[in-house]
Amino acid sequence: MLCLTSSSSSAPAPLLPSLADRPSPGIAGGGGNVRLSVVSSPRRSWPGKTEALSPFFYAGGNFLTCGVCLPSRGIAATAPIFASSLVPPLVADGATIQYLHRPLLVVRKPPQVNLTIVHNSKVKTNFSVPATARKNKTMVTVVEEVDHLPIYDLDPKLEEFKDHFNYRIKRYLDQKCLIEKHEGGLEEFSKGYLKFGINTVDGATIYREWAPAAQEAQLIGEFNNWNGAKHKMEKDKFGIWSIKISHVNGKPAIPHNSKVKFRFRHGGGAWVDRIPAWIRYATFDASKFGAPYDGVHWDPPACERYVFKHPRPPKPDAPRIYEAHVGMSGEEPEVSTYREFADNVLPRIRANNYNTVQLMAIMEHSYYASFGYHVTNFFAVSSRSGTPEDLKYLVDKAHSLGLRVLMDVVHSHASNNVTDGLNGYDVGQNTHESYFHTGDRGYHKLWDSRLFNYANWEVLRFLLSNLRYWMDEFMFDGFRFDGVTSMLYHHHGINKGFTGNYKEYFSLDTDVDAIVYMMLANHLMHKLLPEATIVAEDVSGMPVLCRPVDEGGVGFDFRLAMAIPDRWIDYLKNKEDRKWSMSEIVQTLTNRRYTEKCIAYAESHDQSIVGDKTIAFILMDKEMYTGMSDLQPASPTINRGIALQKMIHFITMALGGDGYLNFMGNEFGHPEWIDFPREGNNWSYDKCRRQWSLVDTDHLRYKVVPKYINYMNAFDQAMNALEEEFSFLSSSKQIVSDMNEKDKVIVFERGDLVFVFNFHPNKTYKGYKVGCDLPGKYRVALDSDALVFGGHGRVGHDVDHFTSPEGMPGVPETNFNNRPNSFKVLSPPRTCVAYYRVDEDREELRRGGAVASGKIVTEYIDVEATSGETISGGWKGSEKDDCGKKGMKFVFRSSDEDCK
């Protein structure tokens, strides 16, 4: 916010750090972010001696420009921030404004001088510079004009904020150019983990650490009995400390799996011990309550290193993501391991036809109950669940099953722990010498955590290298970026409601530093792994977040559709079934930018944590303890709960986005909530586990006769299998033809399927007319009311539904619900049915080559199978299981077979 002050004096010159031969991020004279763009650059090679800079703001017309002047050299750098009505017209010429606690001179409508600017000695462009910002006609700048970006063609409204986009794309290009010039490119820059931390190079152990605030430094550990007197480190002009320790008798001086720490003396004179920032493993003494973590040098001999055996699976057209937490994935009240997850849980995920696993809490975090979101050691595998080699085994096992693996990466903030976290390197220095911003800007008041300074050169190296480390060393196939909303805005989304007004996204509140970092990160990851899947957790809906960087976007592949679960929770808790609005449900599910992809979900880990409940538990509550036995009739509560559980998840998948996500256990209606061990629950693990026995016990209503078939779990398998077969999530065809508030029915087409959802509590509709695109014969593809899914078997699967033409072809207003054809169906209450159009030519071909028995399989959905066999409705459960997984095979069958 801009605040007028009564002072008329010029702004005090910020201090320029010591001379360096490497530029910093950002434009000349800028620390990176628009709010800090007038602060001197930490690593700028200025001509001649170091001298004070004079920052100013030029408030002209309807835009704001920041500038920095180097008087003796006649060098000025200006950059428009963005078109904005936020420039107060009442700011007078020569006044000062209080901006980030700095008084800054305002120049309004000064005389202009047109200058020719040279960028990289190649590109020439005209740039207008205030006369008050120059001493001569020489101008040095590292930005070039960006006249047009492809995002303006996708959304012309964005061109209103052209100054903002020009500024941030120039910032991105400039930062990328500087990295290429001084580090050899992003790919080399992101190999920081091979340079920093502890590495073995040419018969010696080399340790490097960035700690510019340190006055002295030593490497200590078990290898030298924690005495660093003989292992003092040297500091270079960039604040990087290093030491080289020769091998002893051909072996590393620091043994594998031995404890180490970085000891340094800061400006206050005190010596402190910290875990190396780039450490790859950290452990604590579990026998001692509240024991601090120790850094562990992880460099196993070749015979102990895990070697990947399986290639990455190809990128699917639409990710069906299984969100999982390894530590709480076991049934026993304890922390589960990576190998247990790989051997016991991954087969379940594959059996349910997911194609992607998203792993939470992989980066080391000292506070278990943080769900892994308060990271202390960014390069370290969470030691509660095993070693780095164990995690590699998990990822490789997933790849062998055809599952891609995404990792929850937390670059939005860091734990404020001092003794075992990155925050321990903050000893009161200025922000240019720290990983974090100083003052309020460096602290997230809701999360109680530290906030990165994304404009800092070494912070960029640290975070970009962190991504590459996990991708290269552990073969992760992509990431889910946590807390992106907090990164995008200076207000971090706190007490902020987003209405969709573009001024909420592109204003002084926008954190351009963070956006430039994310652009660099996405560009890097897609260059290293073109098939990477990168998902953003953003609740604000910022436009072009999920457009490619070269178009002017931020570069993510998907964003989470975070409004959808909120809608379902609101309905389930606050509205009677009869008051559910069909149009409101559809609006929530379809309210997205269709040029940017979304991952839809009805519930994730957020909806399951303590203080909330899973959807199944909201629906059935205490009756889940007493009414889930299949040896007794289901109560109305159980019938309603199982029906709506299936409907909510299916319509969310089918209509809500371009991918789908489910949290571990919710596929079979896991009861209760998640509560990590803490003082408030007497450190209990009872609610921090997954009760797989519920889905594996024969007589529970999680099961259905015949045994080994679970109502909700089987439906989850089937709807994933349906998507695998018909690829409707990746289809651009999505047409909602009916939102009947009276009948409580929603009808829509997605891809080649027609979906009919009847949310009415008790009305069955016979001969319900359904609009469709193509004429022909339609059959049931998936029916939530089938007995195998805990339904009542009211929909006939042996019925052919023939279409009738509606109105005049090509004249939608004469059609039925704007659809040129229609067919009639039976729609029982609280059911959802998907219909597919029969390919007559394909069917005739198959009939001609039918097996001797006369049974014809017209379509096949591959779902791994397990014990037991049933035929119910149009689905067949097969006993064959060559992978030992819990599941079924679902087979589409022709009407001839159904009639036999």
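Numbers here are sequence positions counted from 1.
- Taking 4.5 Å as the limit, every side-chain heavy atom of P313 sits out of range of all side-chain heavy atoms of L401.
- The distance from the CG atom of L359 to the CZ atom of F474 is 12.0 Å, given to the nearest 0.5 Å.
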For side chain to side chain contact (heavy atoms under 4.5 Å, CB included), just list the numbers for L644 and I615, CA-CA rounded to whole Å, side-chain angles, deciding distance to a tenth of an Å, and then say yes or no. CA-CA 9 Å; L644 288 180; I615 286 179; over 6 Å; no
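- For residues 640-661, the pairs satisfying ring pair (Phe, Tyr, Trp, His ring centres under 6.0 Å) are F650-F715, F650-F755, F650-F757, with sequence neighbours left out.
- A salt bridge between K733 and E749 is present, with a side-chain N of the basic residue lying under 4.0 Å from a carboxylate O of the acidic one.
- Residue E332 holds its CD atom at 14.5 Å from CZ of R690, rounded to the nearest 0.5 Å.
- In terms of the side chain to side chain donor-acceptor pair (under 3.5 Å) criterion, D752 has no residue partners (sequence neighbours excluded).
- Within 6.0 Å of NZ on K392 lie more than 12 heavy atoms contributed by other residues, nucleotides or ligands.
- The OG atom of S400 sits 10.5 Å away from the CZ atom of R350 when rounded to the nearest 0.5 Å.
- Between I585 and W568, some side-chain heavy-atom pair lies under the 4.5 Å cut-off.
- The NZ atom of K613 lies 7.5 Å from the NZ atom of K573; values are rounded to the nearest 0.5 Å.
- Figure legend: cation-pi geometry between K687 and W673, with NZ or CZ positioned under 6.0 Å from the six-membered ring centre and within 45° of its axis.
- Among pairs with a residue in residues 319-357, those fulfilling ring pair (Phe, Tyr, Trp, His ring centres under 6.0 Å) read Y322-Y354, H325-Y368, H325-F371, H325-F676, at least two apart in sequence or across chains.
- Judged by distance alone, the side chain of Q645 and the main-chain N or O of N666 form a donor-acceptor pair under 3.5 Å.
- Ring geometry for W470 versus F476: interplanar angle over 60°, hence perpendicular rather than tilted (30 to 60°).
- Looking at R348 and D696, a side-chain N of the basic residue comes within less than 4.0 Å of a carboxylate O on the acidic one, giving a salt bridge.
- Between E596 and R559, at least one side-chain nitrogen of the basic residue sits less than 4.0 Å from a carboxylate oxygen of the acidic one, meeting the salt-bridge criterion.
- A salt bridge links K575 with E584; the closest basic N to acidic carboxylate O contact falls under 4.0 Å.
- No side-chain heavy atom of I569 sits under 4.5 Å from any side-chain heavy atom of N574.
- Under the rule for a side chain to side chain donor-acceptor pair (under 3.5 Å), the partners of R480 that lie at least two apart in sequence or sit in another chain are Y373, D408, D482, E537.
- Rounded to the nearest 0.5 angstrom, M475 CE and L529 CG are separated by 8.5 Å.
- Between D557 and K597, no side-chain nitrogen of the basic residue sits less than 4.0 Å from a carboxylate oxygen of the acidic one, so the salt-bridge criterion is not met.
- Of the residues listed (E323, E603, E667), the one engaging N662 in a side chain to side chain donor-acceptor pair (under 3.5 Å) is E667, and it is the only one.
- Partners of V375 according to the side-chain contact (heavy atoms from CB on, under 4.5 Å) rule, which considers only residues two or more places apart in sequence or in another chain, are M363, F378, V410.
- Taking a cutoff of 4.0 Å between a charged side-chain nitrogen and a carboxylate oxygen, K315 and D477 do not qualify as a salt bridge.
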Determine, stepwise, if the pair V335 / S385 fulfils side chain to side chain contact (heavy atoms under 4.5 Å, CB included). CA-CA 7 Å; V335 179; S385 294; 3.8 Å; yes
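- N355 is linked by a side-chain contact (heavy atoms from CB on, under 4.5 Å) to P316, P319, R320, counting only residues two or more places apart in sequence or in another chain.
- Atom CD in Q717 sits 11.0 Å away from atom CE in M719 (nearest 0.5 Å).
- Proximity of Q691 to E672: side-chain heavy atoms (C-beta onward) are separated by under 4.5 Å at one or more points.
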